[in-house]
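Reckoned from all heavy atoms, side chains included, excluding hydrogens, waters and symmetry mates. Every number for a ligand or one of its atoms is a count from 1 in the order of the listing.
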Amino acid sequence: MTLGAGKALLDRAALTLCFQLLCFVGSLHAFKTQLFGRHGGFFHSPEIPVSYETFYLDQKIDHFGFVEDGTFKQRYLVADKQWRSPGGPILFYTGNEGDITWFCNNTGFMWDVAEELGAMLVFAEHRYYGESMPFGADSFSDSKHLNYLTAEQALADFAILIQNVKLSRAGAQHSPVIAIGGSYGGMLAAWFRMKYPNVVIGALASSAPIWQFSGMVPCGDFYKVVTQDFAKSGSNCDTNIRASWGAINNLSATASGLEWLSEEFSLCAPLKTDKDMLDFKSWLQETWVNLAMVDYPYKAEFLQPLPRWPIQVACKYLALDSSVSDEQLLHGVSQAAKVYYNYTGSSACLNTSETATGSLGVLGWDYQACTEMVMPMCTDGVRDMFEPGEWNFQAYSDECHAMFDVRPRADWMGVLFGGKEIASHSNIIFSNGGLDPWSSGGVTHNVSESLVSIMIPDGAHHLDLRYANDLDPPSVREARKLELSYFWKWIRQAAKKHQRVAKSG
Ligand SMILES: *[C@@H]1O[C@H](CO)[C@@H](O)[C@H](O)[C@H]1NC(C)=O
Ligand SMILES: *[C@@H]1O[C@H](CO)[C@@H](O)[C@H](O)[C@H]1NC(C)=O
Ligand SMILES: *[C@@H]1O[C@H](CO)[C@@H](O)[C@H](O)[C@H]1NC(C)=O
Ligand SMILES: *[C@@H]1O[C@H](CO)[C@@H](O)[C@H](O)[C@H]1NC(C)=O
Ligand SMILES: *[C@@H]1O[C@H](CO)[C@@H](O)[C@H](O)[C@H]1NC(C)=O
């Protein structure tokens with residue numbers, strides 16, 4: 001997930017930090033270089049692409065009311081070459097805000113473990129994303145049509161879909177189902193197990209910030225993690241980024257300074273107005289956030305094509321001492337930003353309206369953030385390296401109202417999914433990367449014997465869900481092993497239960 005979607009709102013509001021809507025588009029594991037990588041015991045030959053079949057299921061537009069009786073076609077993908085029928089498990093990807101084929105192609109972990117588990121893989125598209133549009137091309141045309149875009153409706157789709165898959169496939173009737181997801185998809189996986197324990201025997205929720213909501217974690221934690229990543233990746237790195245905002249402000253005071261900045265950063269459109277400056281700074285801030293999310297131990301293409309450990313590469317340009325001039329400091333900053341935007345050397349200019357490639361479903365996520373998914377964020381410039389910015393719910397709400405004619409419900413997620421009171425649930429793994437800013441809202445301690453948290457200290461955003469790679473740190477290898485061992489445990493539990501039920505029935 002990235003902060004990208006909020007920027008449109010932020011630009012309009014000209015507020016520094018009120019709008020940190022999450023756009024989980026970044027969660028898509030798009031990394032061609034890794035897609036067919038070689039790894040311990042498993043091989044993905046470049047000749048054999050990920051292969052699956054595509055299906056569509058008629059789903060109710062509204063699962064919870066009876067007035068809107070229409071249906072739409074939900075897309076889902078099935079890969080059953082490794083499936084042991086009858087009764088082999090089903091790994092079910094709870095799709096997030098994007099094209100499901102992208103998740104499918106890139107959630108390498110599921111493909112890596114399918115054979116060992118004898119599992120069928122099912123990837124379900126989230127309504128309002130990809131092809132699964134409840135009102136076709138009109139789905140985003142007015143707020144009435146968007147009314148059915150909620151996590152609750154998406155979870156109900158998943159439950160109905162699983163029922164359908166099990167009934168329509170010979171040998172699947174008694175297959176235990178495990179939910180898997182990353183980022184917003186990880187939140188859905190966890191909530192799915194909480195709400196439908198009758199449908200899934202357990203869930204792997206990777207980099208799932210289910211506590212990033214109002215009142216659950218301090219609003220500044222997210223940016224603190226970003227800052228720590230930079231602090232440990234090079235000398236003076238966080239300090240110089242912290243100083244850069246003042247230098248930018250200094251230069252933006254004059255027309256020649258603005259011109260210099262525009263040239264130095266090779267911007268597509270020159271900086272002119274105060275609003276341009278706010279946009280520029282929020283774009284730069286988002287750039288550092290995105291780098292933190294994708295600080296992977298190997299070359300990858302995720303939000304952008306990047307070298308291995310990209311923050312270390314960026315920080316090389318920021319190892320300056322405090323005596324440098326504003327221009328020298330900002331030269332370092334522009335070089336560092338270009339690691340993110342121009343690693344392949346193919347970028348002609350930097351566009352401050354863009355921070356991630358291939359963004360999908362941005363509008364949908366904006367709407368979700370403007371209704372249920374209110375995730376407060378703030379900075380203070382002391383514990384983090386950003387310009388101070390307070391969380392301002394009212395301003396946020398006003399922007400949402402202007403954009404979608406709806407107002408967010410700040411406390412609803414806590415009521416709906418239990419907030420921090422989740423101990424009565426079972427069989428959920430919450431995995432978190434120590435480098436991932438989203439770990440700030442994740443479950444990072446063991447809640448109970450069967451609600452376990454796995455920490456991956458050198459992991460960025462859901463590293464564990466990616467294909468295994470030779471350069472993976474031991475912590476992520478261990479995490480995947482542990483995850484798999486829980487899968488087996490849940491499968492054994494389910495088999496025992498099934499036997500008991502069969503005997504007594
Ligand atoms: C996913 O992979 C399939 C088959 O390899 C390919 O046809 C499709 O374009 C890919 N989808 C995306 C979004 O990358
Ligand atoms: C900005 O300008 C002020 C006043 O000229 C100066 O003291 C300061 O060092 C400059 N740079 C930064 C990063 O604030
Ligand atoms: C990107 O890198 C290439 C190759 O080094 C360079 O020619 C080009 O000017 C760079 N683009 C930007 C926007 O800096
Ligand atoms: C910058 O990106 C925006 C949004 O994608 C696009 O509309 C605009 O044309 C781009 N500008 C340039 C100069 O490429
Ligand atoms: C939670 O428990 C598991 C199993 O004992 C352990 O491997 C893991 O490290 C614990 N997680 C945390 C965050 O302490």
Measuring to protein heavy atoms, does anything land under 4.0 Å from atom 2 (O) of ligand 3? yes
What's the shortest distance from atom 10 (C) of ligand 3 to any protein heavy atom, and which residue and atom give it? Asn342 ND2, 2.4 Å
Could you list which atoms of ligand 3 come closer than 4.0 Å to a heavy atom of Ser266? 13 (C), 14 (O)
Do Ile210 and Phe417 pass the side chain to side chain contact (heavy atoms under 4.5 Å, CB included) test, and can you show the C-alpha distance, the side-chain angles, and the key distance before you say yes or no? CA-CA 9 Å; Ile210 62 162; Phe417 294 121; over 6 Å; no
Establish whether atom 5 (O) of ligand 4 and some protein heavy atom are separated by less than 4.0 angstrom. yes
Side chain, backbone, both or neither: the part of Ala348 lying under 4.0 Å from ligand 3 by heavy atom: backbone
Contact partition for Asp326 relative to ligand 2, non-hydrogen atoms under 4.0 Å: side chain
Aromatic ring pairing Phe158/Phe192, orientation class (parallel under 30°, perpendicular over 60°, tilted between): perpendicular
Looking only at N/O atoms, are Ser347 and ligand 3 under 3.5 Å apart anywhere? yes
For the residue pair Tyr298 and Tyr296, categorise the inter-ring angle as parallel (less than 30°), tilted (30 to 60°) or perpendicular (more than 60°). parallel
On a heavy-atom basis, which atom in Val443 and which in Asn432 lie closest, and how many Å separate them? O-ND2, 2.9 Å
Any idea which atoms of ligand 4 are less than 4.0 Å away from a heavy-atom of Cys268? 13 (C)
Go through ligand 3 atom by atom and flag the ones less than 4.0 Å from a non-hydrogen atom of Lys338. 14 (O)
Which protein heavy atom lies closest to atom 7 (O) of ligand 3, and at what distance to 0.1 Å? Gly345 O, 4.9 Å
Polar contact flag, side-chain donor to acceptor under 3.5 angstrom, Ser206-Asp464: yes
Any side-chain donor-acceptor pair under 3.5 Å between Asp279 and Thr352? no
List ligand 2 atoms under 4.0 Å from Ala243, heavy atoms only on the residue side. 13 (C)
Closest non-hydrogen protein atom to atom 11 (N) of ligand 4, residue and atom name please, with distance? Asn351 ND2, 2.9 Å
Residues Tyr52, Asn105; criterion side chain to side chain contact (heavy atoms under 4.5 Å, CB included); working and verdict: CA-CA 9 Å; Tyr52 54 78; Asn105 289 2; 3.6 Å; yes
Which heavy atom of the protein is the closest neighbour of atom 8 (C) of ligand 2, given with residue, atom name and distance? Asn250 ND2, 3.7 Å
Do protein heavy atoms approach atom 14 (O) of ligand 4 to less than 4.0 Å? yes
Please verify the inter-ring angle class for Phe386 with Trp245; under 30° counts as parallel, over 60° as perpendicular, anything in between as tilted. tilted
Residues Gln74 and Ser132: side-chain donor-acceptor under 3.5 angstrom: no
For ligand 4, which is the ligand I care about here, please tell me if Glu354 has any N or O atom under 3.5 Å from one of the ligand's N or O atoms. yes
We want to know whether His63 and Asp157 form a side-chain donor-acceptor pair, criterion being a heavy-atom distance below 3.5 angstrom. yes
